[in-house]
Number of protein chains: 2
Amino acid sequence: MSTGQTRRGNTRQRIQDVALELFSEHGYEKTSLREIAEKLEVTKAALYYHFKTKEDIVISLFQDLARPCDELIAWAEGQPRTLETKLEVIRRYNEALRSAEPLFRFMQENQAAVRDLSIGETFKARMLTLFGLLKEDDAELTDQVRCITALFSMHAGMFAMQHVEGDPEEKRRAILEVATELVTAANPPNRRPVRPDSAQTASP
Amino acid sequence: MSTGQTRRGNTRQRIQDVALELFSEHGYEKTSLREIAEKLEVTKAALYYHFKTKEDIVISLFQDLARPCDELIAWAEGQPRTLETKLEVIRRYNEALRSAEPLFRFMQENQAAVRDLSIGETFKARMLTLFGLLKEDDAELTDQVRCITALFSMHAGMFAMQHVEGDPEEKRRAILEVATELVTAANPPNRRPVRPDSAQTASP
DNA sequence: GTCTATACCTAGATAGAC
DNA sequence: GTCTATCTAGGTATAGAC
């Protein structure tokens, strides 16, 4: 008996689908349980059978996003901290975003709402971990900005590039390319002072 | 000097200040008028005397942000579309962000709430205009991503860099530097030959 | 110009029938 | 598993006294 509830198909799954759709469309706060219930042609009480609270719905959605991210972090932490590893992190993260695009758009556009939703801290921590994986330990400020920008450009890109004509897949590749460049620039090949005649190397 | 903090002349201004503070802190939807009123030690009705609706408060806040942005756009549209102009746009935009940081953070974190608030479209249009000013007309996809990333890195940077140690002013400069590099990379000289002696309206 | 008091609505959430 | 019915709390907004 793999799955218990069978009678009406999986209502739980349908609730998640509709909830994510409405959360993304109108925002978390403005989406009411009544609205979700109506779209599913059930009552609010039916929702409460499957989820204890409204927040529980969003937490359950977050699982789908968390898994690939955690796997990515776990993988990266077992790798040498080389540039190749970092670029692979960017590549895989870009892939993870693609597979959970609506959810990520929701997270991006509802930061304020998500923040005090208890998964907010989790999400932020994950971003900081990824950031730590990308940057050098003693990185300069501009290189840190490059790494953060690389991460955020993949988030913001999905939403911002909607108004640019072009194939979505090509856009994704273009975003990945720029992010790759940023991380590469932030991780100079060998951090040795390669200027033998460094009489005045402009240090601002 | 007994500065009575409840001066009755500038209630409107005080409402704006407290509203922005709470909107930034808890998000737009979760901030109630009751909360604003309590913090000001007035009643909700007093708020409604100064602003027709809750949305009106946010619109009034938006004016402060809109003015410098509009001035920047107006200025840029009267300039030749050179790389120098574009870099100056980035520089001035970065400055505009600095002078209205809490508001911009609010806009960034409450996109979903702001979207159907009637100023959402205005805001988006402004971003697209800025984007159009930065990119070449026939720019490749990656160059367009570079320009968008330059803009968004300045937005996201302010929020994301909070967890990085360092002087805020230095961080701002680092962000500006990376944004400048992105726009520069997106406007390569070889794609559009720079003609140093072209007949152009004299720029001061 | 500001407040008291309140109208009216919808939210999230629960109890118990079927 | 889903329903009806209902609770409580809080929301936006208004009328009218001072």
Side-chain angles (χ1 to χ4, degrees), chain A residues 1-23 25-62 106 110 112-120, chain B residues 4-23 25-61 106 110 112-120:
Chain A
M1 135 154 98
S2 44
T3 59
Q5 50 286 66
T6 40
R7 275 224 321 186
R8 285 280 288 275
N10 39 4
T11 309
R12 195 189 147 92
Q13 176 68 43
R14 288 169 61 226
I15 292 172
Q16 290 177 314
D17 292 344
V18 169
L20 178 55
E21 182 186 335
L22 292 178
F23 287 163
E25 197 170 345
H26 304 126
Y28 176 72
E29 312 275 6
K30 287 196 93 167
T31 302
S32 64
L33 296 181
R34 181 186 53 75
E35 208 175 343
I36 297 173
E38 274 178 6
K39 189 146 186 171
L40 283 168
E41 291 178 317
V42 297
T43 62
K44 282 194 293 180
L47 267 49
Y48 276 96
Y49 173 77
H50 293 281
F51 297 95
K52 264 199 286 292
T53 67
K54 187 184 180 185
E55 181 171 351
D56 266 20
I57 299 179
V58 113
I59 290 176
S60 81
L61 291 173
F62 192 65
F106 162 68
N110 292 269
V114 162
R115 192 167 40 198
D116 38 35
L117 229 49
S118 86
I119 58 173
Chain B
Q5 300 218 337
T6 36
R7 285 228 330 257
R8 307 234 160 157
N10 49 357
T11 309
R12 195 187 148 94
Q13 176 67 42
R14 288 169 59 228
I15 292 172
Q16 289 178 314
D17 292 344
V18 169
L20 178 54
E21 182 187 335
L22 292 179
F23 287 164
E25 197 170 343
H26 307 309
Y28 176 73
E29 313 273 6
K30 287 196 95 168
T31 303
S32 66
L33 296 183
R34 179 186 56 74
E35 208 174 343
I36 297 173
E38 273 177 8
K39 190 146 188 172
L40 283 168
E41 291 178 316
V42 297
T43 62
K44 288 191 288 180
L47 269 47
Y48 276 98
Y49 172 77
H50 293 281
F51 297 96
K52 264 202 286 291
T53 67
K54 186 184 181 184
E55 180 171 351
D56 266 20
I57 299 179
V58 111
I59 290 176
S60 81
L61 291 173
F106 162 69
N110 292 270
V114 161
R115 192 167 42 199
D116 38 35
L117 230 49
S118 86
I119 59 173

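Please read these numbers as outputs of a predicted model, since none were measured by experiment. The chains referred to below are lettered A, B, ... by the order of the sequence lines, with proteins before strands, and numbering in each begins at 1.
Within residues 28-37 of chain B, the residues that have a heavy atom under 4.0 Å from DNA chain D are, in order of number, B:S32, B:L33, B:R34.
Checking the phosphate oxygens (OP1, OP2) of D:dT2, no side-chain nitrogen or oxygen of A:T43 falls inside 4.0 Å. Residue A:Y48 has a polar side-chain atom (N or O) positioned under 4.0 Å from OP1 or OP2 of C:dA13. In this structure, A:T11 does not reach the D:dG1 phosphate: none of its side-chain N or O atoms is under 4.0 Å from OP1 or OP2.
Annotation: side chain to side chain contact (heavy atoms under 4.5 Å, CB included) contacts of A:E35 (sequence neighbours excluded): A:L22, A:H26, A:T31, A:S32. A:F62 pairs by the side chain to side chain contact (heavy atoms under 4.5 Å, CB included) definition with A:L65, A:A66, A:M107, A:I119, A:T122, A:F123, A:R126, not counting sequence neighbours. Residues that satisfy the side chain to side chain contact (heavy atoms under 4.5 Å, CB included) test with A:A45, not counting sequence neighbours, are A:T43. Every residue meeting the side chain to side chain contact (heavy atoms under 4.5 Å, CB included) condition with B:E29, not counting sequence neighbours, appears here in chain and number order: A:E29, A:K30, B:A113. Every residue two or more places apart in sequence or in another chain that forms a ring-ring contact (aromatic ring centres under 6.0 Å, His included) with A:Y28 is listed here: A:F23. Listed by chain and number, the residues in a salt bridge (charged side-chain N to carboxylate O under 4.0 Å, His left out) with B:E25 amount to none (sequence neighbours excluded).
Judged by closest nucleotide on DNA chain D, A:Y49 is the one of A:Y49 and A:K44 placed further toward the 5' end.
For residues 43-60 of chain B, there are no salt bridge (Lys or Arg N to Asp or Glu O under 4.0 Å) pairs, not counting sequence neighbours.
With hydrogens and angles ignored, no donor-acceptor pair under 3.5 angstrom links the side chain of B:K54 to the base of D:dG11.
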Contacts under 3.5 Å, N or O only, protein and nucleotides 15-18 of chain C:
none

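At whole-Å resolution of the value, CG in B:L40 and P in C:dG1 are 17 Å apart. The distance between atom CZ of B:F51 and atom C1' of D:dT12, rounded to the nearest whole Å, is 16 Å. Whole-Å rounding puts the A:L47 CG to C:dT14 C1' distance at 14 Å. Residue A:I15 contributes atom CD1, which lies 10 Å from atom C1' of D:dG1 at whole-angstrom precision.
The side-chain heavy atoms of A:V42 and A:I15, taken from C-beta on, include no pair separated by under 4.5 Å. Using a 4.5 Å heavy-atom cutoff, the side chains of A:V114 and A:V58 are not in contact.
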